[in-house]
Amino acid sequence: MSEEERSLNFIEHIIEDDLKAGYDKKSLRFRFPPEPNGYLHIGHASSICLNFGLGLRYDSPVNLRFDDTNPAKEEKEYVEAIKADVEWLGYQWDTECYASDYFGQLYEWAVALIKQGKAYVDSQSSEEIADQKGTPTEPGTGSPYRNRDVAENLRLFEGMKNGEFKEGEHVLRAKIDMSSSNMLMRDPIMYRILHKPHHRTNTDWCIYPMYDWTHGESDYIEQVSHSLCTLEFLPHRELYDWFLDQLVDSKKLRPKQREFARRNLSHTVVSKRKLLQLVENDVVSGWDDPRMPTISGLRRRGYTPESIRNFADTIGIAKRENVVDVSLLEFHVREHLNRIAPRVMAVLNPLKLVITNFPEGTEEWLDAENNPEDAEAGSRQVPFSRELYIEKEDFREEANRKFFRLKLGGEVRLKNGYIIKAESCTKDENGNVVEVQCTYDPKSKSGSGTEESLRKVKGTLHWVSIPHAIETEIRLYDRLFSDATPDGHKDKDFMDFVNPDSFKKVKGYLEPSLKDAKIGDRFQFQRLGYFNVDSDSDSENLIFNRTVTLRDTWAKLEQKK
RNA sequence: UGGCCCAUGGUGUAAUUGGCAACACAGCUGGUUUUGGUCCAGUCGUUCUAGGUUCGAGUCCUAGUGGGCCAACCA
């Protein structure tokens, strides 16, 4: 989809309106502001694509800003992971910023506010402050310290900064309006005392600014023009503007906050807290478990950055509640992988097939196309021999004409190989088929151009030559939750909906060309799905993750029964 | 018994700003195919309700209904 054809989302409309109203395009600037207290997930990806997409669209800088005002929760490890994720998605930030870099400026501004009588030190407990806050329907009442004189406020605030007080002893509050219908305007806390080392400023500070006092001011310092956040921050906008009103220099750009609805994905949860719960309860192996909707999980699962960007682009951005069906994400990864993933053959549920008229102890190397969607992809050789594996599901002793696979007396094409006919089968004591005996037509070789090779046979199977097969571990993933909105039930916990079959480990038999596959390499296992090499692999053992199955209309037909 | 936000197919977003409701996904029907993949064609809607303004309303106004957010020394 070309840029000019695409319709604008409401954020772009706001920007276009600003531009029309005389806003200088050169002063456009955006930012992605994660708190380094956890891993990024698909919801963040949407925000990243929004902000960096705007940067690309308007040729404007986009900062990566870590909102690191709470040393109790934040760690350097997350900073590194977040940077890696943003880069992997394919975006380049203009400046790597930290709210903590502005602690000095913020402190100066706070002192100025105190001097103007617009901030005061409150010496009550958090319970007392909460009690006086009122409720959404009742106004709050002023703190007994609300009218402390400026000199005392300054002295106490400096004392707070110098570590003269214990945590919780004092806070700095903005003096706004205890009866505002907006709870956030009822003298919000600007600073609290925290005797904790910070991942960047270490022990330089023992007071830390709150989000509201930091975010808009950071935007102003960085001269961010449009500060985009999720809908739950809408009531914060009034406070965001109030703080800016106190210190904005009219010659400088004044940032504006605008809000959009966070994107929810069906069959998963998109909340750091809930994802953490999955990790801590060992429901998954970690933040990068391939079932996790984290960027690192999707990466390990085999998703491509392009597919995630296309997904974000397609779902767009708006202000209403939403649950995007995960099938849309799957569509985008299939669409991309269909174009780029080399085709190979692998059997995951093997059934032995013996071609009785193929000479014992011999092999034949067949030409196989690497990707029918990509003329440049070339071809490779795959070995054919007397004993092969096919999928158990691809053979039935008897079946109706809707079954385009192998049945006794029936014919089928072996992909890139020959047409075979099932003559008989052997069963174990339980009646399970353990071997199928076939004959092949030596003149029907794929691509040979013979009359026999051009015969139309309904059904083509993938296969692997047993003596040449590489044995590997295959990890099959399914949706982590059986319910579309696991956290959308008032009476049930989202953990109740964890899909017990979301992970299955099986043994796979792969064509030998795969032996040199490297971690991260993506393939289409023909007729099965897209797979990539997991990071748990080593030179001895390959491990594959199933990214997503192919669309399977046959499975749908079967399910209907 | 408050304030604010939102409402368009099953899902997500559009609608030249008041002018024939569009795109993608999913579903369903067919066609092509040496992947039951890909590809191609077709199909699926009283724009939450009721009033109002207007030649004309998804869009503007009023009321209602439904959903969401707001009382962390979190972000």
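Just so it is clear: chains get the letters A, B, ... in the order the sequence lines come, proteins before strands, and each one is counted from 1.
- Residue-to-nucleotide contacts include a donor-acceptor pair under 3.5 Å from the side chain of A:Arg343 to the base of B:rU35.
- Nucleic acid contact class of A:Glu373 (heavy atoms, under 4.0 Å, all strands): base.
- At a threshold of 4.0 angstrom between heavy atoms, the contacts of A:Gly447 include nucleobase atoms, whether or not backbone atoms are also involved.
- For A:Lys556 and B:rG27, the shortest distance from a side-chain N or O to OP1 or OP2 is below 4.0 Å.
- A straight line from CG of A:Leu528 to P of B:rG36 spans 10 Å, rounded to a whole angstrom.
- At distances below 3.5 Å, not a single donor-acceptor pair connects side-chain atoms of A:Glu280 with backbone N or O atoms of A:Gln277.
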Practice item. Spell out protein contact along nucleotides 9-22 of chain B as letters: B when the base is contacted, S when just the sugar-phosphate is, - when no protein heavy atom is under 4.0 Å; keep the 5' to 3' order. Key: --SSBSS-B-----
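- Counting atom types as modelled, A:Glu369 pairs no side-chain N or O with a base atom of B:rU34 as donor and acceptor under 3.5 Å.
- Residue A:Phe404 and nucleotide B:rG36 are classified as a stacked aromatic pair, their ring centres being separated by less than 5.5 Å at an interplanar angle below 30°.
- Note on A:Pro33: nothing from the nucleic acid sits closer than 4.0 angstrom, heavy atoms only.
- For the pair A:Asp552 CG and B:rU38 C1', the computed distance is 14 Å after rounding to whole Å.
- The residue A:His236 sits close to a base: some heavy atom pair falls under 4.0 Å.
- Between A:Gln524 atom CD and B:rG37 atom P there is a gap of 11 Å when expressed in whole angstrom units.
- Comparing A:Asn37 and A:Leu231, the nucleotide of RNA chain B nearest to each residue sits closer to the 5' end for A:Leu231.
- A ring-ring contact (aromatic ring centres under 6.0 Å, His included) with A:Phe544 is found for one member of A:Tyr530, A:Phe525, A:Tyr509, A:Phe531 and no other, namely A:Phe525.
- A donor-acceptor pair under 3.5 Å is formed between the side chain of A:Gln257 and the backbone N or O of A:Phe233.
- Scanning atom types as modelled, one donor and one acceptor separated by under 3.5 angstrom connect the side chain of A:Arg413 and the base of B:rU34.
- Between the CG atom of A:Leu406 and the P atom of B:rU35 there is a distance of 17 Å, given to the nearest Å.
- Nucleotide B:rG37 holds its P atom 23 Å from the CZ atom of A:Arg522, rounded to whole Å.
- Residue order along RNA chain B, read from the 5' end via each residue's closest nucleotide, puts A:Lys490 first among A:Lys490 and A:Val171.
- B:rG66 sits 16 Å from B:rC48 when the P atoms are compared, rounded to a whole Å.
- Taking the six-membered ring for Trp, A:His236 and A:Tyr240 have ring centres at least 6.0 Å apart.
- The main-chain N or O of A:Leu228 is found under 3.5 Å from a side-chain atom of A:Arg31 such that the two form a donor-acceptor pair.
- Residue A:Thr553 is classed as a sugar-phosphate contact, given heavy-atom separations below 4.0 Å to backbone atoms only.
- At the heavy-atom level, A:Lys272 lies nowhere under 4.0 Å from the strands shown.
- Contact annotation: A:Arg551 side-chain N/O to B:rU38 OP1/OP2 distance is under 4.0 Å.
- Taking 4.0 angstrom as the limit, A:Thr69 places a side-chain polar atom (N or O) nearer than this to OP1 or OP2 of B:rA75.
- Using modelled atom types and a 3.5 Å distance limit, the side chains of A:Glu238 and A:Asn182 yield a donor-acceptor pair.
- When A:Phe103, A:Tyr98, A:Trp205 are each tested for a ring-ring contact (aromatic ring centres under 6.0 Å, His included) with A:His198, only one passes: A:Phe103.
- No N or O donor and acceptor, one from the side chain of A:Thr460 and one from the base of B:rU35, sit under 3.5 Å apart.
- The same atom, C1', is picked in B:rC39 and in B:rA14; the two are 26 Å apart, to the nearest Å.
- Within the 4.5 Å cutoff, the side chain of A:Ile11 has heavy atoms near those of the A:Leu54 side chain.
- Between the CG atom of A:Asn400 and the P atom of B:rG36 there is a distance of 16 Å, given to the nearest Å.
- Among the protein residues, A:Tyr418 comes within range of no part of the nucleic acid, since none of its heavy atoms lies under 4.0 Å from any strand.
- Here A:Lys73 lies in heavy-atom contact (under 4.0 Å) with a base.
- No side-chain donor-acceptor contact under 3.5 Å links A:Gln132 to the backbone of A:Ile129.
- When the C1' atom is compared between B:rC44 and B:rG10, the two are found 10 Å apart, to the nearest whole Å.
- In this structure, A:Lys272 is not positioned above the aromatic face of A:Tyr39 in the sense of NZ or CZ being under 6.0 Å from the six-membered ring centre and within 45° of the axis.
- Between A:Arg334 and B:rG37, a side-chain N or O to OP1/OP2 separation shorter than 4.0 Å is absent.
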Review point. Reading RNA chain B 5' to 3', what string of ( ), [ ], | and . shows its pairs, if Watson-Crick and G-U wobble pairs count only when both distances fall under 3.5 Å?
Key: .((((((..((((.....[..)))).(((((.......)))))....(((((..]....))))))))))).....
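- Looking only at distances, no side-chain donor or acceptor of A:Thr69 sits under 3.5 Å from a matching main-chain atom of A:Met210.
- Atom name C1', nucleotides B:rA22 and B:rU32: the rounded distance is 28 Å, in whole Å.
- No donor-acceptor pair under 3.5 Å is formed between the side chain of A:Glu138 and the backbone N or O of A:Gly134.
- Comparing B:rG2, B:rU35, B:rC73 by their nearest atom to the side chain of A:Thr137 picks out B:rG2.
- Between A:Ile315 and A:Asn322, the closest side-chain pair of non-hydrogen atoms is not below 4.5 Å.
- Between A:Phe311 atom CZ and B:rA26 atom C1' there is a gap of 13 Å when expressed in whole angstrom units.
- Aromatic stacking of A:Trp554 on B:rG36: satisfied, with centres closer than 5.5 Å and planes within an angle under 30 degrees.
- Residues of residues 177-196 of chain A that place a heavy atom closer than 4.0 Å to RNA chain B, in numerical order, are A:Ser181, A:Met183, A:Ile189, A:Arg192.
- As a whole-Å value, the separation of A:Arg258 CZ from B:rC4 P is 17 Å.
- Among the protein residues, A:Glu393 comes within range of no part of the nucleic acid, since none of its heavy atoms lies under 4.0 Å from any strand.
- Using atom P as the reference point in both B:rU47 and B:rG64, the two lie 23 Å apart (nearest Å).
- For the pair A:Asn51 and A:Ser47, the minimum side-chain heavy-atom distance is below 4.5 Å.
- Ring centroids of A:Trp213 and A:Phe243 are separated by less than 6.0 Å, placing the two rings close together.
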